[in-house]
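Working notes, beginning with the structure itself.
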There are 2 protein chains.
Amino acid sequence: MPIERIVILGTGLIGASAGLALRAHGFSGQITGWDPNPAELADAERLGAIDSASPSTIDGAVLAARSSQVVLLSGPVFTILEWLDRLAPVLQSGQLVTDVGSVKNALCQHARDSYNLVHTAGFLAGHPMAGKEVSGAANAEAALFDGAAWLFTETPESRSMHKASRAIADEWRAWPAKFGCRVLDLEPERHDVLCAWVSHLPQYLSTALSALLEDEFPDKDEILAIGGRALREMTRLGASPYSMWRDVAHTNTEAVAASLLALEQRLTHLRENLRTPELRDEFDRANRFREQMRAGKK
Amino acid sequence: MPIERIVILGTGLIGASAGLALRAHGFSGQITGWDPNPAELADAERLGAIDSASPSTIDGAVLAARSSQVVLLSGPVFTILEWLDRLAPVLQSGQLVTDVGSVKNALCQHARDSYNLVHTAGFLAGHPMAGKEVSGAANAEAALFDGAAWLFTETPESRSMHKASRAIADEWRAWPAKFGCRVLDLEPERHDVLCAWVSHLPQYLSTALSALLEDEFPDKDEILAIGGRALREMTRLGASPYSMWRDVAHTNTEAVAASLLALEQRLTHLRENLRTPELRDEFDRANRFREQMRAGKK
């Protein structure tokens, strides 16, 4: 029995892109959208990411969630946590809550006692490894997830959700592959550690570098005139919004701090070896890393 | 009187791209190529970056340089330094040596007593802010410099070069604009400080991050499967060759070390503030930096 009704709570960049991707890949059911910001919601509707918009009130979201088989939570981690709390008592078995949040262990822990029980909705934690440094439905694209990984972090609890919810979950799990994603399963803790390295560290690094350049060059004409692709790429994520990354910093603090500390130490090591043969070894290691990345993309 | 004969000493990525760009933008004179590696030279000739190849011996290079009005030195900084030494005694006024090296003060200092004198060739230091993480003539493109800055670092000595050399220098200075470059003049010391921030720091940072990930993940299947654009971008320069960046590390050590130290301290600051409101300020600063970069591109 196919999914007939999906509600996307949070029709920003990722939520609206999910709606567009569902539509582009043949989802024929109803997609309702909700967002606290009526402008985002209007953008999502105008772009065809959603069929209809639920009023931008808490009640509007709850009502839409109650009548959907899939509730897709899209937004910063703390916002997703709040929705998990709010929706648990009003949903029931046969319904599935899933999400696209950047941190998974905190969400899975939070859902443990109020989802995946006999009479409750199921919760399946998910995370598409796609995004942009700009937010908002206006930047959404059906192809955003194409070629990206879509991670799921099943837990003992999610694996034992009510079979009516499980049927919906299994069906939902099939959609990212249709979007062109590599679908992978990870333990929540492992997800958070890996994402600290490949996603969160690059983000905070780009923010720190951009902030440093902002302070170092009050007049930016000169560096902007001479900077090339390296500068643009390494600072691109400097445009990312605090609202989203504050929540990552709060909910994956330990893993993020460990990766930042390791990078600090590595930069110190390189700086102290600018004129020694150890610099060659660092370049060799970096070359090997990129060689494997290139080989992996074939 | 237009430039009729140019020799490119070092027909790798940048040298061969310069040949292609000259041709694409209407240079009708003779372009001779030389490279210590015959395979690079053959690639450059096959691609049409040069009209003819001089034998891959020191004598081959010297002979070609003696019969050219412009000698373009392309390669790592120490290689350019060696050519400056070798060519000074065999060239004369009316000839111009220019280069594309990443560091300028060491080169300008080095040329001071053997160029730009009454009977010697002129030396005009130049630096196109373009490149790729992959080297070699096979990766050369006529459009490589389009939209990039091409920096010149004139000195009191270069400004007083023999008028016959000056005429050639002024003509050479007009070519990068035809390639689509923003042509800018900087003092050599200022050039090296600015490039430490916008080019050298991004390079060593990307190398350090790539080397760290190489050590941290002996088995890379997992991180390569989940990593997205952020990981690819932040490590792209990890593929850059040591040979070129060793010379930058040796000839711009102080400015590079200062920028690395500043970034280390900034990352420490961010790490210590992952859960404080200071994180918002860092994101605000980074957002402002990128906003100005975006506005500057309009």
Side-chain angles (χ1 to χ4, degrees), chain A residues 129-130 148-149 151 182 184 194 197-199 202-204 207-214 220 222-228 230-231 233-235 237-239 242 246 249-250 253 256-257 260-264 266-268 270-271 274-275 279-280 282-283 285-290 292-293 296, chain B residues 129-130 148-149 151 182 184 194 197-199 202-204 207-214 220 222-228 230-231 233-235 237-239 242 246 249-250 253 256-257 260-264 266-268 270-271 274-275 279-280 282-283 285-290 292-293 296:
Chain A
M129 299 296 289
L151 311 176
R182 298 180 298 282
L184 299 166
L194 290 174
W197 285 101
V198 307
S199 168
Q203 173 60 58
Y204 295 113
T207 295
L209 177 60
S210 301
L212 174 59
L213 290 167
E214 173 70 17
K220 273 158 221 67
E222 230 171 10
I223 60 165
L224 295 185
I226 71 171
L231 180 67
E233 272 184 348
M234 299 301 276
T235 61
L237 296 172
Y242 169 66
R246 173 201 54 194
H250 275 262
T253 316
V256 168
L260 281 166
L261 177 59
L263 182 62
E264 291 161 48
R266 201 80 187 202
L267 289 170
T268 304
L270 191 148
R271 174 170 54 81
L274 284 172
R275 304 183 78 144
L279 187 66
R280 179 198 292 270
E282 279 295 86
F283 271 79
R285 290 181 198 103
N287 289 175
R288 280 203 301 280
F289 180 76
R290 284 296 303 194
Q292 286 177 72
M293 181 174 279
Chain B
M129 299 296 289
L151 311 177
R182 297 181 298 282
L184 299 167
L194 290 175
W197 286 101
V198 308
S199 167
Q203 173 60 57
Y204 295 114
T207 295
L209 177 60
S210 301
L212 174 59
L213 291 168
E214 173 69 16
K220 272 159 222 63
E222 229 171 9
I223 61 166
L224 296 185
I226 72 173
L231 179 68
E233 271 182 349
M234 299 299 278
T235 61
L237 296 173
Y242 168 67
R246 174 201 56 192
H250 276 263
T253 316
V256 168
L260 280 166
L261 177 60
L263 182 62
E264 290 161 49
R266 201 80 187 201
L267 289 170
T268 304
L270 190 148
R271 174 170 55 82
L274 284 172
R275 304 184 77 145
L279 187 66
R280 178 198 294 268
E282 280 294 88
F283 271 78
R285 290 181 198 104
N287 289 175
R288 279 203 301 278
F289 180 75
R290 285 295 303 193
Q292 286 176 72
M293 182 175 278

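Letters A, B, ... are given to chains in the order of the sequence lines, protein chains preceding strands, and every chain is numbered from 1.
- I226(B) touches chain A through backbone and side chain together, each having a heavy atom under 4.5 Å away.
- Ranked by heavy-atom pairs under 4.5 Å with chain A, the first of R246(B), K220(B), E282(B) is K220(B).
- In this structure R271(A) satisfies the salt bridge (charged side-chain N to carboxylate O under 4.0 Å, His left out) test together with E264(B), sequence neighbours excluded.
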TODO: Begin from the C-alpha positions of Y242(B) and N287(A) and carry the test side chain to side chain contact (heavy atoms under 4.5 Å, CB included) through to its verdict.
DONE: CA-CA 9 Å; Y242(B) 168 67; N287(A) 289 175; 5.6 Å; no

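- Looking at L209(B) and F289(A), their side chains never come closer than 4.5 Å, going by heavy atoms from C-beta outward.
- Heavy-atom distances place both the backbone and the side chain of L279(B) under 4.5 Å from chain A.
- Residue R275(A) qualifies as enclosed at atom CZ: its count of foreign heavy atoms under 6.0 Å is above 12.
- Between L274(B) and A249(A), the shortest heavy-atom distance links the atoms O-CB, 3.2 Å.
- Comparing T235(B), I223(B), L184(B) by heavy-atom pairs within less than 4.5 Å of chain A, the highest count is held by T235(B).
- Interface check for chain A: of the options P202(B), A130(B), A225(B), S199(B), the most heavy-atom pairs under 4.5 Å are formed by A225(B).
- Atom CG of L270(A) sits about 11.5 Å away from atom CG of L212(B), to the nearest 0.5 Å.
- Between atom CD of residue Q292(B) and atom CG of residue L224(A) there is a gap of 7.0 Å, rounded to the nearest 0.5 Å.
- Counting heavy-atom pairs closer than 4.5 Å to chain A, the top residue among A149(B), G228(B), A148(B), A239(B) is A239(B).
- In terms of heavy-atom pairs under 4.5 Å with chain A, the best-connected choice from V256(B), L237(B), T268(B) is T268(B).
- Taking A262(A), A230(A), A211(A) one by one and counting their heavy-atom pairs under 4.5 Å with chain B, the maximum is reached by A211(A).
- Distance check: L260(A) CG to R266(B) CZ gives 13.5 Å after rounding to the nearest 0.5 Å.
- Both the backbone and the side chain of R285(B) come within contact range of chain A, with heavy atoms under 4.5 Å apart.
- Note that the CE atom of M234(B) and the CD atom of E233(A) stand 9.0 Å from one another [nearest 0.5 Å].
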Worked verdict on M129(B) versus L231(A) for side chain to side chain contact (heavy atoms under 4.5 Å, CB included): CA-CA 11 Å; M129(B) 299 296 289; L231(A) 180 67; over 6 Å; no

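- Put simply, OG on S210(B) and CZ on R288(A) are 12.0 Å apart, with the number rounded to the nearest 0.5 Å.
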